[in-house]
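Here the structure is laid out as C-alpha cells; the discussion comes afterwards.
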Amino acid sequence: MKTPPLQRIKPEVRAVPGYHLKAYDCPVKLNQNESPFDVPDILKVEILKTVGERPWSRYPQPMPTDLVEALARHVGWAPEGLIVCNGANTLVQLVLAVSTSPGVPIVIPSPSFSLYGLYASIFSGRVVPVDLMPDHTFNLPAIHEAIHRERAHTVILCSPNNPTGCIVSNPDLEALLKHTDALVIVDEAYGEFSNSTALDLLPRHPNLIVLKTLSKAFGAAGIRIGYLLAHPNLVREIIKGKIPFDINVFSHAAALTLINRSDLFRERLTAICAERKRVFDALRKIDRVRPCASHANFILFEVDNADAVFNGLIEQGVLVRNLAGYPGLSKALRVSIGTPQENEWFLNALREVI
C-alpha cells in the first residue's frame, strides 16, 4: 500500500498551525507594526538610480560586503560577527536550522512572536513555553527555572516583546547569560523604540545572538532586510546554512542607502515614541480599556470583548490586530502607532465602539 503524500511531511509540522494574517480593506491600517512614515523621496531617487546602474543579468553578491561593513559601523560590531538576510524572521529560521536537533528543548516566553514556535517545531525542537506575568511582562524567575529544569538548548527572547511591548533589561539578561550555556537569541526588531539593547553584552557572552531589522524604525518593511550579530566564531558556523544570493540588488542598494543616512530617521523615531505616549495616555482615560506600557511602536490593550471591539473598529474604518487567540490574551487587541491623524481616528473610533 502506498504511503499518502501528507505522511511524508514531518508530524511536527502537521501538528502546528501556519502563520496567517487575514486581509481587510480599511483606510486606517494599524495591525502590522509598520512605520507610518515612508522612506524619504530623496532616498528613493538615489536608490532607484543605483539599482538602474547595476547589471540585472548577474547574480547579486553571495554576501554583500559593503552592506555588512556599513551595518557593522552603524552598531559598533565587527563585520566578521554579522550576517545579513532577507528579513529578521529568516534569521531565526537560519539559527534554528543549523543548531536544532530532534527533541532539543527551546525555551520561549508565551505569548511572543508566533513564528518562533512554528520554526522550532518545523526543525523538530521541543518548545518549552514560559507564561508571562499577569501584567504581560517577562517572568524571569520562571524563565531561569525552565532553562535549568529542561537543560535548554536555545532561548528566544523578543525584546521589546511582540505583542506585549515589554523588555528584558541588560542586568536581567546578563544574569541569564551567566547561568546558561544555551544559545540565547534576542530579537530586537523593535529595539530602536526603546532605550535598551543587548549589543553591549556581545563582547562578554559568546552564546548571545542579537537580531535587528530595517523594517520598523527605518520604515523599510518592503525591502525585507534583517541582520544578525554574534561572536565571529558562532557566525562562521551559522552562515553555512544561509541561502546564497538572498539579498537582491534592489534590497542591497536600498539598505545601504538607508543605513548610510540613518540620521534622517532619528526625528521620526522621536515622533513615533511621542505618539505612543499620547495614545497610551488617551487609552487609559477610556472606560473599560486597559492598555499595557510598551517599549515598541505598538500598544497592547485589553477590553471586555475583544472580538466585538475588533469588528466594531473595522466598521469604523480602523484595522488593529486581534490577539484573542493568543495564550493569556483572550481580551487583548494590539494597535500600531500611526500618524497623529491615524491615531486620532483610532481613538475616536474606539470611544464610539466602547
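What you see is a predicted model; the values in this text were computed from it and never measured. The first residue in the sequence is number 1, and the count goes up from there.
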*So does Arg204 pair up with Glu174, basic N to acidic O under 4.0 Å?*
yes
*What distance do Arg14 atom CZ and Ser121 atom OG have between them, rounded to the nearest 0.5 Å?*
13.5 Å
*Determine the minimum heavy-atom distance between Val168 and Ser159, stating which atoms define it.*
N-OG, 3.0 Å
*Might you point out which heavy atoms bring His179 and His148 nearest each other, and give the distance in Å?*
O-CE1, 2.8 Å
*With a cut-off of 6.0 Å (strictly less than), are more than 12 heavy atoms of other residues, nucleotides or ligands near CG of Asp135?*
yes
_Can you tell me how far apart OG1 (Thr270) and CD (Glu275) are? Round to the nearest 0.5 Å._
12.5 Å
*If you measure from the Lys or Arg side-chain nitrogens to the Asp or Glu carboxylate oxygens, is any gap between Arg290 and Asp304 under 4.0 Å?*
yes
*Can Phe245 be reached from Ile238 by stepping across I, L, V, M, F, W or Y side chains whose heavy atoms are under 4.5 Å apart?*
no
_Donor-acceptor contact present, side-chain Glu53 to main-chain Thr50, <3.5 Å_ = no
*Do side-chain atoms of Trp345 reach the backbone of Ala349 as a donor and acceptor pair under 3.5 angstrom?*
no
_Using side-chain heavy atoms (C-beta onward) and a distance below 4.5 Å, is Leu319 in contact with Val28?_
no
*Please report the closest heavy-atom contact between Ile247 and Val84, naming both atoms and the distance.*
CD1-CG1, 4.0 Å
*asked:* If the threshold is 4.0 Å, N to carboxylate O, is there a salt bridge linking Lys277 and Asp281?
replied: yes
*Could you tell me whether Phe218 and Phe37 have their ring centroids closer than 6.0 angstrom?*
no
*Do you reckon Val303 sits in the same ILVMFWY cluster as Val279, going by side-chain contacts under 4.5 Å, direct or chained?*
yes
*asked:* If you define the side chain from C-beta out and look only at heavy atoms, does anything of Val335 sit under 4.5 Å from Phe301?
replied: yes
*Look only at the side chain of Asn297 and the backbone of Asn33, and say whether a donor-acceptor pair between them is shorter than 3.5 Å.*
yes
_Cationic N near anionic O, under 4.0 Å, Arg278 to Glu344_ = yes
*Ignoring hydrogens and geometry, is there a side-chain-to-backbone donor-acceptor pair from Arg151 to Ala182 under 3.5 Å?*
no
*Quick check: are there more than 12 heavy atoms from other residues, nucleotides or ligands sitting under 6.0 Å from CD of Glu267?*
no
_Proximity of Tyr190 and Phe298 rings by center, below 6.0 Å_ = yes
*Nearest 0.5 Å, what's the OH-CZ distance between Tyr119 and Phe113?*
7.0 Å
*Heavy atoms only: give me the nearest Ala253-Ile47 pair and the separation to one decimal.*
O-CG1, 4.2 Å
*Look only at the side chain of Lys242 and the backbone of Leu94, and say whether a donor-acceptor pair between them is shorter than 3.5 Å.*
no
_Inter-residue atom distance Tyr326.OH - Leu132.CG, 0.5 Å rounding_ = 12.5 Å
_Where Ile354 and Arg288 come nearest, the two heavy atoms and their spacing_ = O-NH2, 2.9 Å
*Just by modelled atom types, is the Ala120 backbone N or O under 3.5 Å from a matching donor or acceptor in the Thr100 side chain?*
no
*asked:* Checking Asp131 against Ser110 for the side-chain hydrogen bond (donor to acceptor under 3.5 Å, both in side chains) test, could you report, in this order, the C-alpha distance in whole Å, the side-chain angles of both residues, the deciding distance, and whether it holds?
replied: CA-CA 5 Å; Asp131 292 342; Ser110 176; 4.6 Å; no
*Give the intermediate values and the outcome of side chain to side chain contact (heavy atoms under 4.5 Å, CB included) for residues Arg276 and Asn343.*
CA-CA 9 Å; Arg276 179 184 66 198; Asn343 298 333; over 6 Å; no
_Side-chain donor or acceptor of Ser194 paired with backbone N/O of Gly191 under 3.5 Å_ = yes
*Considering only heavy atoms from C-beta outward, does the side chain of Leu228 approach that of Leu82 to under 4.5 Å?*
no
*Is there side-chain contact between Leu43 and Leu264, with at least one heavy-atom pair below 4.5 Å?*
yes
*How about Phe250 and Leu48: do any of their side-chain heavy atoms sit closer than 4.5 Å?*
yes
*Side-chain heavy atoms of Ile167 within contact of Ser196, under 4.5 Å*: yes
*Indicate, with yes or no, if Leu300 and Val289 share a hydrophobic cluster defined by side-chain heavy-atom contacts under 4.5 Å among Ile, Leu, Val, Met, Phe, Trp and Tyr.*
no
*Is the backbone N or O of Cys158 less than 3.5 Å from a side-chain atom of Glu188, with the two atoms forming a donor-acceptor pair by type?*
no
*Run the salt-bridge test on Lys29 and Glu34 with the 4.0 Å N-O cut-off and return the result as yes or no.*
yes
_hydrophobic_cluster_shared for Leu173 and Leu211, side chain cutoff 4.5 Å_ = yes
*Just jot down the side chain to side chain contact (heavy atoms under 4.5 Å, CB included) partners of Gln61, sequence neighbours excluded, or say none.*
Pro64, Thr65, Asp66, His252
*asked:* Under the criterion side chain to side chain contact (heavy atoms under 4.5 Å, CB included), I'd like the reasoning laid out for Val127 against Ile108: C-alpha separation, chi angles, the key distance, then a yes or no.
replied: CA-CA 7 Å; Val127 176; Ile108 307 174; 4.1 Å; yes
*Count the heavy atoms belonging to other residues, nucleotides or ligands that lie under 6.0 Å from NZ of Lys10, then report whether that count exceeds 12.*
yes
*Do Leu329 and His136 come within less than 4.5 Å of each other through their side chains, counting heavy atoms only?*
yes
_Heavy-atom donor-acceptor pair, Asn86 side chain to Arg224 backbone, under 3.5 Å_ = yes
*Can you list the steps and then say if Asn162 with Arg334 is a side chain to side chain contact (heavy atoms under 4.5 Å, CB included)?*
CA-CA 10 Å; Asn162 178 15; Arg334 188 196 70 201; 2.8 Å; yes
*4.5 Å side-chain heavy-atom contact, Leu313 and Leu350*: yes
*Salt bridge check: are Glu150 and Arg126 linked by an N-O gap of less than 4.0 Å?*
yes
*Do Leu67 and Val210 belong to the same hydrophobic cluster, where Ile, Leu, Val, Met, Phe, Trp and Tyr are linked whenever their side-chain heavy atoms lie under 4.5 Å apart, directly or via other members?*
yes
*Does Asp187 pair with Lys212 as a salt bridge, N-O distance under 4.0 Å?*
no
*Should we say atom CZ of Arg54 is surrounded by more than 12 heavy atoms from elsewhere, each under 6.0 Å from it?*
yes
*Sub-3.5 Å donor-acceptor pair from the side chain of Ser124 to the main-chain atoms of Pro102, do we have one?*
no
_CD1-OG distance between Ile337 and Ser294, expressed to the nearest 0.5 angstrom_ = 7.5 Å
*NE2 of His231 to CD of Glu80: how many Å apart, nearest 0.5 Å?*
11.0 Å
_Looking at every non-hydrogen atom in both residues, tell me the closest pair between Val128 and Ala146 and how far apart they are._
CG1-CB, 4.3 Å
_Checking Phe265 against Glu192 for the side chain to side chain contact (heavy atoms under 4.5 Å, CB included) test, could you report, in this order, the C-alpha distance in whole Å, the side-chain angles of both residues, the deciding distance, and whether it holds?_
CA-CA 11 Å; Phe265 297 89; Glu192 288 86 351; over 6 Å; no
